[in-house]
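Before any comments, here is the structure.
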There are 2 protein chains.
Amino acid sequence: MSAVSKTVRKSPPRTRGVRWNDAVQSREERNEAKRVALIRAAGRAFKAKGFHNTSLDEVAALLNLTKPTLYYYVSSKADLLYQCHDYALDLGEAAFQHGQEGRTGLDKLRRTLAKYMESMTHDFAAYSVLSDLNDMTPAQKRAIQKRRREFDTRFRALVSEGMADGSIREVDPMLTVAWFMGAINAIPRWFSEDGPLNGAQVADAYTDLLTRGLRV
Amino acid sequence: MSAVSKTVRKSPPRTRGVRWNDAVQSREERNEAKRVALIRAAGRAFKAKGFHNTSLDEVAALLNLTKPTLYYYVSSKADLLYQCHDYALDLGEAAFQHGQEGRTGLDKLRRTLAKYMESMTHDFAAYSVLSDLNDMTPAQKRAIQKRRREFDTRFRALVSEGMADGSIREVDPMLTVAWFMGAINAIPRWFSEDGPLNGAQVADAYTDLLTRGLRV
DNA sequence: CCTACCGATCGGTAGG
DNA sequence: CCTACCGATCGGTAGG
């Protein structure tokens, strides 16, 4: 087993350590892969130490690069944070797509949130829900808030849909969404991949609590 | 009415604006009142702009003071943050005291959380639940985490008590506490005293959602 | 409680 | 993609 793997993966000799954390796979998508690797590294570092306690020199060092190189992929440190947020919101969007396959309002809600929790417990993007929006420029902050409000509206619509089709009891959609999104967005504050529970278990338990609170 | 009040409150002429936001009332407790006024002003500013985006010059200016003066009441900026956290945890402690008057586990939990939400929606202390603990020294961070863990343990005990006395259905105390504390601690992220709902309304709605999820 | 002032950090750029 | 470097901010202190 070890002999085989030694033969099979002929990793090239590295004199200065892996750069870009091996995120570069093909040839044409190099830049995009690098950009994403940068956002991921930054997101993790920001989450671990805080935005202001993480210097761009440190982020660059995580990728075996120097700071000026980062400026080819982002225009400023705030832009780097903005891209973290944008990426996280893309994951939320994907969760909504996934949820559309549900039948009732409650079912769609469950599917959406399960997918969302899965992303949040696996990906670095979890940082964005902890971040201070004031660390971005006013325009960036507005853009993120706008996307967030859109998500909020869609969640409330799902709750209303569930009330209409009889799968969800009569509740205040605004407060209900605030309630469960608060609970869910707090997961990254305490969840660890090395902990006793994996992401799927947490997602199951939370989905159950949600369902018990909302069903008729 | 205006004529009366003009006569009654003979506010002294002020040449340089109110200092310490008029928090100084008696004579002997001056220092403590000033210290609390400082923590309050700092907590509000940190919440509004973020810890690192708020300079001590700005905090001092909020109290019509200069920065060096603050160092009579706190030993560093991190210490100021620490005291914000400590104050917030004192409010949590008070909430637990209040909750002890309940009969069943569920009742105690409801009373505790209602009181806690009332504090969080009224007082500046809400900032601490949003703050990045890494902005304190390692020792300070540990101290706050320790107190927080103690609260967590007590909350889980209340849930267990409720399960034992039959007021709460069978749940996982750890995940259940994480769930509702996540929801509750997120309130300061969206709540505004000028919004359509006051703190008591939010507390009622959340207590209701909690109860529906936990009762047998 | 204030007037200066220092020193370190760090985001960002020049220029190649 | 790197070496060097600038400039501003800001926590903290001296000294009164």
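Reckoned from all heavy atoms, side chains included, excluding hydrogens, waters and symmetry mates. Protein chains get the first letters and strands the later ones, always in sequence-line order, with residue 1 at the start of each.
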Test side chain to side chain donor-acceptor pair (under 3.5 Å) applied to A:Lys49 - qualifying residues, sequence neighbours left out:
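Expected list: A:Glu58.
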
Nearest 0.5 Å, what's the CG-OG1 distance between B:Leu113 and B:Thr207?
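Answer for the CG-OG1 pair, B:Leu113 versus B:Thr207, is 7.0 Å.
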
Quick check on DNA chain C: between B:Thr69 and A:Ala78, whose nearest nucleotide comes earlier from the 5' end?
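Closest to the 5' end, via its nearest nucleotide, is B:Thr69.
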
Would you kindly give the [atom1]-to-[atom2] distance between [X] and [N], to the nearest whole Å?
X	N	atom1	atom2	answer
B:Asp135	D:dG11	CG	C1'	13 Å
A:Tyr72	D:dC2	OH	P	14 Å
A:His52	D:dG11	NE2	C1'	15 Å
A:Leu80	C:dC10	CG	C1'	15 Å

Can a donor-acceptor pair under 3.5 Å be found between the side-chain atoms of B:Lys77 and the base atoms of D:dG12?
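Such a pair does not exist between side chain and base.
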
Look at the aromatic rings of A:Trp20 and A:Tyr73 and report parallel, tilted or perpendicular, splitting at 30° and 60°.
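Answer is perpendicular, since the angle exceeds 60°.
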
Testing A:Tyr206, A:Trp190, A:Phe180 for ring pair (Phe, Tyr, Trp, His ring centres under 6.0 Å) with B:Trp179, which one passes?
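Running ring pair (Phe, Tyr, Trp, His ring centres under 6.0 Å) over A:Tyr206, A:Trp190, A:Phe180 with B:Trp179 returns exactly one hit, A:Tyr206.
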
Run the salt bridge (charged side-chain N to carboxylate O under 4.0 Å, His left out) test on A:Arg35 and A:Glu32 for me, step by step, so that the C-alpha distance in whole Å, both residues' side-chain angles and the decisive distance to 0.1 Å come before the verdict.
CA-CA 5 Å; A:Arg35 194 185 67 88; A:Glu32 179 60 13; 3.0 Å; yes

Is there a side-chain contact between A:Lys67 and the phosphate of D:dC1, meaning an N or O under 4.0 Å from OP1 or OP2?
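It does not, given that no N or O in the side chain of A:Lys67 lies less than 4.0 Å from OP1 or OP2 of D:dC1.
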
I want to check one thing: is the phosphate of C:dC2, taken as OP1 and OP2, less than 4.0 Å away from some side-chain N or O of B:Arg19?
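The answer is yes; a side-chain N or O of B:Arg19 sits under 4.0 Å from OP1 or OP2.
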
Nearest to the side chain of [X], heavy atoms from C-beta on, is which of [options]?
X	options	value
B:Leu65	C:dC1, D:dC1, C:dA4	C:dC1
A:Leu56	C:dG12, D:dC1, C:dC2	C:dG12
A:Ser55	D:dC1, C:dC2, C:dC10	C:dC10

If a pair means Watson-Crick or G-U wobble with both distances below 3.5 Å, what does DNA chain D look like in dot-bracket form, with | marking bases paired to a different strand?
||||||||||||||||

Mind checking if A:Tyr71 touches a base, just sugar-phosphate, or nothing, with heavy atoms under 4.0 Å?
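The residue A:Tyr71 makes base contact.
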
So A:Ser75, base contact, sugar-phosphate only, or nothing? Heavy-atom distance under 4.0 Å.
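A:Ser75: no heavy atom of the nucleic acid under 4.0 Å.
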
Looking only at heavy atoms, what is the nearest atom pair of B:His85 and B:Ser131, with distance?
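Scanning both residues completely, I find the closest heavy atoms to be CE1-OG, 3.2 Å.
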
A:Met117 and side-chain contact (heavy atoms from CB on, under 4.5 Å): which single residue from A:Asp204, A:Asn185, A:Ile187 fits?
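Exactly one option meets the side-chain contact (heavy atoms from CB on, under 4.5 Å) with A:Met117, and it is A:Ile187.
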
